[in-house]
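A quick write-up on the structure given underneath.
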Amino acid sequence: MRKENIPYKIYLNESEMPKAWYNMRADMKQKPAPLLNPATRQPMKAEELAGVFCRDLIAQELDNDTAYFEIPEEIRNFYKMYRPSPLVRAYCLEEKLDTPAKIYYKFEGNNTSGSHKLNSAIAQAYYAKKQGLKGVTTETGAGQWGTALSMACSYFDLDCKVYMVKCSYEQKPFRREVMRTYGASVTPSPSVETEIGRKILAQHPGTTGSLGCAISEAVEKAVTSDGYRYVLGSVLNQVLLHQSVIGLETKAALDKFHIEPDIIIGCAGGGSNLGGLIAPFMGEKLRGEKDYRIIAVEPASCPSFTRGVYAYDFCDTGMVCPLAKMYTLGCDFIPSANHAGGLRYHGMSSTLSELYHQGLMEAVSVKQTEVFEAAEYFARVEGILPAPESSHAIRAAIDEALKCKETGEEKTIVFGLTGTGYFDMVAYEKYHNGDMTDHIPTDEELATYRAKLPMGH
Ligand SMILES: *Cc1c(COP(=O)(O)O)cnc(C)c1O
């Protein structure tokens, strides 16, 4: 079946692994818009963020000029336990699709947390420890970030408090237990532990929670607890920076075999895996050295890029976080209850938003039934049981490969396979039973959320 002299899996030696993260913002002429203080509407200064975030992470967050940040040795050593992740040539998928396209995927599911999130979790835990903190707080939706952070905190002996969206807490008891195995405390959100949680419960009794609400709780807990800071697993510049390890490894592996991708595809929730995967390629594009098609894939039920607006918005429901300029659906937007495929955040990384705004990348939205169809197809051919989030990228990669079949073009497609789906079997079950439906918000629905944007659009 193997058609070329390229192995099924391209690995890097330890000595070839990245020693520095790459910051795309350094090569952007038009920088992403700054975070604003919600009260003064002025750019947030490091001092103002210091009560919420870790010191060194704030420096990374605000740095638009430094292209490379050395990866501290402690983090590189942790990376070595589960990295480099394989870059797989999907020969089996190509054959099954009967496409002339050459398909590669970078698989980030080879660690216990089951996703790429560990790449940033270990970095954030390291800087928290370095600062001498007792612990960190965070939110988790589907549970991957909470799991990754629990693993990272136990490695550095830090306390970890996770606010888990209540419906997910109830539906995914095993996720919760994995986190507790690593020593984290897990609280269903909204909870009575925080003022914002109590307020939301009073306003919406019986609510099953949302990511935006869990963020507000975690931030409140951090700022009111001595020796704690808040950490976030996506959206922020620092997270994209840490995730650049994905793209740097991908590029190093492709370079070994002189492979040049035509199309790079990633799913987009808050934008961290995509921002990481594309980082070195976008760098070349920004410097005018190369050109690539870069495609973000999002759910049709939560279409921030394709149907959102580029405007300042709150990152959380409780409106305690800074304002970020991003493609957003509005901070009160919650995807319909039958949406099972993850990627449910209302906004998007401000860096990716600016790149998209400048036309340097594309975005498509896909329906969840088509996503699960692609997930199952992929599992049966390539063996890996993909996370629903990752399967958005699979869907788009298959669609591009099928276009190549029509035109006869031998394009090289690289996509990010961000994780595994073992904890998502309720969603798979729905799909198998034919109970999965597609909800696509109407223009009217989206307009009501958009009308509430804090600074217009
Ligand atoms: C969290 C997650 C995503 C989406 O987050 P991004 O920040 O957009 O990358 C995608 N895939 C998996 C497996 C995840 O856990």
Side-chain angles (χ1 to χ4, degrees), residues 85 105-121 124 138-151 164-165 168 172 175 178-179 211 214-215 231-247 264-279 294-299 302-305 315 324 326-327 335 339-353 355-356 361 363 365-366 368 371 375 378 384-396 415-424 427:
S85 69
Y105 57 89
K106 180 73 167 162
F107 180 48
E108 291 291 322
N110 259 341
N111 68 73
T112 297
S113 79
S115 83
H116 66 286
K117 294 213 169 65
L118 192 55
N119 302 332
S120 183
Q124 299 195 41
T138 198
E139 75 296 328
T140 197
Q144 289 97 318
W145 168 245
T147 309
L149 189 68
S150 309
M151 290 174 71
M164 186 169 187
V165 179
S168 185
K172 297 187 173 184
R175 265 279 178 221
V178 176
M179 287 184 252
L211 214 46
I215 295 176
V231 294
L232 180 62
S234 183
V235 187
L236 295 176
N237 291 328
Q238 54 187 277
V239 185
L240 270 71
L241 176 72
H242 307 146
Q243 294 296 356
S244 70
V245 69
I246 304 173
I264 304 166
I265 298 170
C267 63
S272 73
N273 87 83
L274 178 65
L277 174 66
I278 68 174
I294 292 171
I295 308 174
V297 193
E298 60 184 15
C302 190
S304 329
F305 268 137
C315 298
M326 55 186 176
Y327 278 86
H339 173 67
L343 310 175
R344 10 175 84 247
Y345 189 61
H346 67 273
M348 185 56 65
S349 142
S350 63
T351 301
L352 292 190
S353 292
L355 292 167
Y356 179 66
M361 51 184 276
S365 73
V366 289
Q368 66 173 351
V371 167
F378 182 84
I384 294 171
L385 178 77
E389 292 91 343
S390 322
S391 306
H392 288 73
I394 299 175
R395 174 77 265 167
F415 73 89
L417 189 68
T418 49
T420 46
Y422 302 116
F423 290 102
D424 299 284

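Order of listing sets the numbers, starting from 1, for every ligand and every atom in it. Numbering starts at 1 and runs along the sequence shown. Any value given below was found using the heavy atoms of this structure, including those in side chains, with hydrogens, waters and symmetry copies removed.
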Ring pair (Phe, Tyr, Trp, His ring centres under 6.0 Å) filter on Tyr345, not counting sequence neighbours, yields none

For the residue pair Glu108 and Asn119, confirm or rule out a side-chain donor-acceptor distance under 3.5 Å.
yes

Within the heavy-atom cut-off of under 4.0 Å, ligand 1 is lined by Ser115, His116, Lys117, Gln144, Ser234, Cys267, Ala268, Gly269, Gly270, Gly271, Ser272, Asn273, Leu343, Ala387, Glu389, Ser390, Thr418, Gly419

Is it true that Ser85 and Asn110 share a donor-acceptor pair across their side chains at a distance under 3.5 Å?
no

Does one side chain, of Thr418 or Ser390, offer a donor that lies under 3.5 Å from an acceptor on the other?
yes

Specify whether Phe305 and Tyr327 have parallel, tilted or perpendicular ring planes, treating 30° as the upper limit for parallel and 60° as the lower limit for perpendicular.
tilted

Tell me the closest heavy-atom pair linking Val231 and Glu139, and the distance in Å.
O-OE1, 4.4 Å

